[in-house]
Amino acid sequence: DLTAQSWREKGVWVSQMLKKCRCGFKSAAVVIPLHQGIIWIANALNSLRTHSRRCLIFLVDNGGQDSESVASIGEPGVVNVLTAPRTLPFAEVNNLALLNGCLNVAYVCFLNQDTISRSPWLDACVECLERRPEVGAVMPLITNYDGTAWDEAFFTCAKASPELVARLQEGVSAELSDLPDFIPVP
């Protein structure tokens, strides 16, 4: 049961955490929970660094792999490694990263550990949000792991825009440059 007192205490704690944050020099933080995924993370990080110029990465060790291997991935000021106190559910591990360094950046992106970036999509998302301050969240065009088809969950979300769906049905090689950079989805 959360009382008014406990909410005040949580507010003081969050305020103290904000004062400890040191990542404000970047406009976006990327949170990647890592659970039994050491085999994917090198490709995910390398592709993200290749295609994004302004993000701070928080890799959260959520168990299931050698902690020393995860710690060795860290790169001061670029890839910060956090360790969960125990294996946590996905949302909680993301919250751990938020409270330990991501709260003072303008934008936060949550990624899966097997994400492969093939274009500067994160920069495009940040630029879209900066141009449209009334927008609270954006989603890039998402393909499957090997880039040969649209991700099924993405395609389902896209169905809210008939114009986008018609183009996506042409496949991943569809020409999409004439579409607006932002298509509202209710």
Side-chain angles (χ1 to χ4, degrees), residues 23-35 37-60 62 73-75 77-82 90-91 93-95 97-98 101-186:
C23 60
F25 66 96
K26 303 280 185 177
S27 64
V30 175
V31 176
I32 306 173
L34 184 62
H35 181 76
I38 200 76
I39 61 171
W40 294 298
I41 199 61
N43 288 338
L45 291 174
N46 289 336
S47 68
L48 183 60
R49 285 184 281 206
T50 298
H51 294 292
S52 182
R53 66 184 185 279
R54 54 180 178 182
C55 70
L56 183 61
I57 300 167
F58 286 86
L59 184 61
V60 186
N62 197 28
I73 297 170
E75 187 179 328
V78 180
V79 179
N80 300 283
V81 177
L82 303 171
F90 188 73
V93 88
N94 283 314
N95 289 341
L98 285 174
C102 298
L103 290 175
N104 69 333
V105 295
Y107 308 103
V108 177
C109 175
F110 300 101
L111 288 182
N112 290 337
Q113 61 195 7
D114 61 347
T115 300
I116 297 297
S117 300
R118 293 183 176 82
S119 66
W121 64 270
L122 181 61
D123 293 340
C125 288
V126 168
E127 289 164 10
C128 180
L129 288 166
E130 287 175 345
R131 282 192 312 276
R132 310 270 314 246
E134 74 278 11
V135 173
V138 295
M139 180 177 179
L141 300 173
I142 301 173
T143 61
N144 63 5
Y145 191 73
D146 61 5
T148 59
W150 297 112
D151 176 80
E152 196 58 41
F154 164 71
F155 194 73
T156 299
C157 291
K159 288 181 180 175
S161 169
E163 180 185 22
L164 179 58
V165 159
R167 300 300 277 287
L168 294 177
Q169 289 175 332
E170 297 171 21
V172 293
S173 60
E175 177 57 45
L176 302 170
S177 62
D178 63 326
L179 286 174
D181 67 345
F182 180 82
I183 299 172
V185 176

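None of these values were measured; they are calculated from a predicted model.
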Check your understanding: If every non-hydrogen atom of Val31 is compared with every non-hydrogen atom of Ala97, which pair is closest and at what distance?
Key ->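 Nearest heavy atoms, Val31 then Ala97: CG1-CB, 3.5 Å.
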Review point. Do you know the tightest heavy-atom contact between Pro33 and Asn94?
Key: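 Taking Pro33 first and Asn94 second, the nearest heavy atoms are CG-OD1, 3.5 Å.
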Check your understanding: Listed by chain and number, what are the side-chain hydrogen bond (donor to acceptor under 3.5 Å, both in side chains) partners of Glu170, not counting sequence neighbours?
Key ->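 Per chain and number, Glu170 pairs via side-chain hydrogen bond (donor to acceptor under 3.5 Å, both in side chains) with no residue.
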Review point. Who passes side-chain hydrogen bond (donor to acceptor under 3.5 Å, both in side chains) against Glu134, sequence neighbours left out?
Key: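 side-chain hydrogen bond (donor to acceptor under 3.5 Å, both in side chains) check on Glu134 returns Arg132.
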Side-chain heavy atoms of [X] within contact of [Y], under 4.5 Å:
X      : Y      : answer
Thr143 : Phe154 : no
Val126 : Leu129 : no
Val135 : Cys128 : no
Phe90  : His35  : no

Kindly compute the distance separating [atom1] ([X]) from [atom2] ([Y]), expressed to the nearest 0.5 Å.
X      : Y      : atom1 : atom2 : result
Ile142 : Arg118 : CD1   : CZ    : 12.0 Å
Leu111 : Ile41  : CG    : CD1   : 9.0 Å
Leu56  : Cys109 : CG    : SG    : 12.5 Å
Leu82  : Ile32  : CG    : CD1   : 11.5 Å
Gln113 : Asn43  : CD    : CG    : 12.0 Å
Leu45  : Ile116 : CG    : CD1   : 9.5 Å

Exercise for review: Take Thr115 and Trp40 through the test side chain to side chain contact (heavy atoms under 4.5 Å, CB included) and record every step on the way to the result.
Suggested key: CA-CA 8 Å; Thr115 300; Trp40 294 298; over 6 Å; no
**Study point:** Residue pairs fulfilling ring pair (Phe, Tyr, Trp, His ring centres under 6.0 Å) with at least one residue in residues 109-138, sequence neighbours excluded
**Key:**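 Every pair satisfying ring pair (Phe, Tyr, Trp, His ring centres under 6.0 Å) with a residue in residues 109-138: there are none.
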Practice item. Keeping the roles fixed (side chain from Asp151, backbone from Ala153), state whether a donor-acceptor pair exists under 3.5 Å. Key: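 Yes: the side chain of Asp151 pairs with the backbone of Ala153.
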**Study point:** Option passing side chain to side chain contact (heavy atoms under 4.5 Å, CB included) with Ser117 (candidates Leu122, Thr50, Leu48)
**Key:**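 For Ser117, the side chain to side chain contact (heavy atoms under 4.5 Å, CB included) test succeeds with only one of Leu122, Thr50, Leu48, which is Leu48.
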Exercise for review: For side chain to side chain contact (heavy atoms under 4.5 Å, CB included), just list the numbers for Trp150 and Gln169, CA-CA rounded to whole Å, side-chain angles, deciding distance to a tenth of an Å, and then say yes or no.
Suggested key: CA-CA 9 Å; Trp150 297 112; Gln169 289 175 332; over 6 Å; no
